[in-house]
Amino acid sequence: MATEHRPGTAGTGLHTPILDWYAANARDLPWRAPDAGPWGILVSEIMLQQTPVARVLPVWRDWMARWPTPAALAAEPPGEAVRHWGRLGYPRRALNLHACARAITAEHGGRVPAGHDELRALPGVGEYTAAAVASFAFGARHAVLDTNVRRVLARAVRGEEFPPKATTAIERRLAESLIPPVDAPRWAVAVMELGALVCTARTPRCAGCPIAAGCAWRLAGQPAYDGPERRGQAYAGTDRQCRGRLLAVLRDAPGAVPKAALDAVWADATQRERALDGLVADGLAEALADGTYRLPG
DNA sequence: TAGCCGTGGCG
DNA sequence: TCGCCAAGGCT
């Protein structure tokens with residue numbers, strides 16, 4: 001078969017085993033269903049940013065049942081988007097999605113735009129998400145470089161355990177060189193799925209990997225990562241945790257809450273005020289004239 | 001560009 | 001137990 005795209009030297013022979021593996025092992029996710037539509041796919045991509053599939057599933061179903069179109073969400077106050085975001089995390093994504101809905105309604109006739117550049121201009125839609133929606137919803141041919149794809153390519157092609165902290169031009173060129181001429185979206189989702197299920201960050205399941213035999217990292221003896229320190233973010237006691245506590249109070253209340261209800265969930269007054277001001281500045285909370293607070297109306 | 005922005009499960 | 005990590009984006 002001469003169906004293999006000519007990828008130069010690196011990555012030769014990845015396509016067939018990965019596509020075959022995906023055909024047999026793909027998860028049945030609702031946003032992959034034929035009837036998901038561009039809106040369902042956009043909602044899923046924003047929700048999946050830095051968030052595991054298992055936690056997104058119930059929230060995605062609720063959102064799509066509640067707001068099946070961009071116009072439906074656009075008709076709501078932004079606070080309703082934040083409320084139904086629940087505990088997905090990074091709640092500004094709910095505001096982003098709400099702003100997306102209003103922009104799509106006002107500027108694109110209520111339909112999610114198909115072009116990468118138009119998608120990229122939507123709030124909260126960066127390079128990855130624009131490429132993913134253009135690809136998965138509209139069949140476009142883009143390099144879809146998420147953390148899974150970057151890790152698979154780092155190992156299989158570059159022979160390193162982890163990719164660099166920030167996406168490099170080298171990585172992008174490699175990913176672009178690997179895009180097959182046909183079925184580019186299927187290739188993209190297949191590599192992502194391989195990274196999510198087999199070529200995982202912590203304990204890769206190399207025994208079940210369709211490209212293990214040709215994996216540069218394996219062939220090199222799985223050398224440990226030796227790049228710059230990858231320091232994780234602390235959480236306990238941070239402004240982020242404080243913001244989360246405060247927002248949970250607003251989210252779980254039907255209307256405005258007295259300030260005392262917010263004061264009760266965080267002891268350090270200085271930090272609490274800073275966090276609350278931050279939420280208001282970010283549009284996640286609203287301070288009313290009577291001194292109470294609520295989700296943005 | 002490095003730091004910030006939530007949350008919870010797992011090894 | 002607790003650090004690491006999960007389909008990033010923005011400034």
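The sequence lines fix the lettering, A, B, ..., with proteins before strands; numbering per chain opens at 1. On a predicted model such as this, the values are computed, not experimentally measured, just so you know.
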Below 4.0 Å: OP1/OP2 of [N] and any side-chain N or O of [X]:
X: Q49(A); N: dG8(C); answer: no
X: Y235(A); N: dG6(B); answer: no
X: R87(A); N: dG8(B); answer: yes
X: T129(A); N: dG9(C); answer: yes
X: R274(A); N: dC4(B); answer: no
X: R93(A); N: dT7(B); answer: no

Exam field: side chain [X] to backbone [Y], donor-acceptor pair closer than 3.5 Å:
X: W63(A); Y: H84(A); answer: yes
X: R32(A); Y: R27(A); answer: yes
X: R294(A); Y: L250(A); answer: no

Nearest-Å distance for atom pair [atom1]/[atom2], residues [X] and [N]:
X: M47(A); N: dA7(C); atom1: CE; atom2: C1'; answer: 13 Å
X: L57(A); N: dA6(C); atom1: CG; atom2: C1'; answer: 13 Å
X: L122(A); N: dG8(C); atom1: CG; atom2: C1'; answer: 15 Å
X: L48(A); N: dG6(B); atom1: CG; atom2: P; answer: 18 Å
X: E193(A); N: dA6(C); atom1: CD; atom2: C1'; answer: 14 Å
X: K165(A); N: dG3(B); atom1: NZ; atom2: P; answer: 7 Å
X: I46(A); N: dG9(C); atom1: CD1; atom2: P; answer: 8 Å
X: N148(A); N: dA6(C); atom1: CG; atom2: P; answer: 7 Å

Problem - Identified side-chain contact (heavy atoms from CB on, under 4.5 Å) partner of L262(A) from the options L279(A), T292(A), L276(A), L247(A) - result: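 Testing each of L279(A), T292(A), L276(A), L247(A) against L262(A), the sole residue satisfying side-chain contact (heavy atoms from CB on, under 4.5 Å) is L276(A).
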Handout entry: Given DNA chain B, 5'-ward residue of the pair D239(A) and A166(A), judged by closest heavy atom
Key =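 Counting from the 5' end, the first nearest nucleotide belongs to A166(A).
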Exercise for the section: For DNA chain C, find the residues of residues 27-38 of chain A with a heavy-atom distance under 4.0 Å and give them by number; none if there aren't any. Expected result: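 Contacts with DNA chain C under 4.0 Å: R27(A), L29(A), W31(A), R32(A).
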Exercise for the section: Look at the side chain of R240(A) and the base of dT7(B), then say whether one donor and one acceptor between them are separated by less than 3.5 Å. Expected result: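 Result: no qualifying N/O pair found.
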Distance between the [atom1] atoms of [N] and [M], in whole angstroms?
N: dA2(B); M: dA7(C); atom1: C1'; answer: 23 Å
N: dC2(C); M: dC5(B); atom1: P; answer: 24 Å
N: dG6(B); M: dA6(C); atom1: C1'; answer: 12 Å

Practice task
With the side chain of P91(A) defined as its heavy atoms from C-beta on, choose the nearest nucleotide among dC10(C), dG6(B), dC5(C).
Solution key: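 So the side chain of P91(A) is nearest to dG6(B).
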Handout entry: Out of dA7(C), dC10(C), dT7(B), whichever nucleotide has its closest atom nearest the side chain of R120(A)
Key =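 Selected nucleotide (nearest to the side chain): dC10(C).
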Within the structure shown, what part of the strands sits under 4.0 Å from [X] by heavy-atom distance: base, sugar-phosphate, or nothing?
X: A196(A); result: sugar-phosphate
X: T238(A); result: nothing
X: R243(A); result: sugar-phosphate
X: G89(A); result: base
X: Q241(A); result: nothing
X: R202(A); result: base
X: A201(A); result: sugar-phosphate

Handout entry: Heavy atoms from other residues, nucleotides or ligands near CZ of R274(A) exceed 12 (cutoff 6.0 Å)
Key =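 Atom CZ in R274(A) is crowded, with more than 12 foreign heavy atoms closer than 6.0 Å.
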Exercise for the section: Specify the residue among G124(A) and F162(A) whose closest nucleotide of DNA chain C lies further upstream toward the 5′ end. Expected result: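 It is F162(A), whose closest nucleotide lies nearer the 5' terminus.
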Practice task
Answer yes when R186(A) and E193(A) have at least one side-chain N-carboxylate O distance shorter than 4.0 Å, and no when they do not.
Solution key: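 Looking at E193(A) together with R186(A), the answer is no, because their closest N to O distance does not fall below 4.0 Å.
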Problem - Residues E80(A) and R83(A) bridged, charged N to O under 4.0 Å - result: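 Here E80(A) pairs with R83(A) in a salt bridge, since their nearest N and O are under 4.0 Å apart.
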Practice task
Give the ring-plane orientation class for H116(A) versus H142(A), where under 30° counts as parallel, over 60° as perpendicular and anything between as tilted.
Solution key: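 The arrangement is tilted - the two ring planes meet at 30° to 60°.
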Practice task
Would you please say whether a donor-acceptor pair under 3.5 Å links the side chains of N96(A) and R93(A)?
Solution key: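 No donor-acceptor contact under 3.5 Å links the two side chains.
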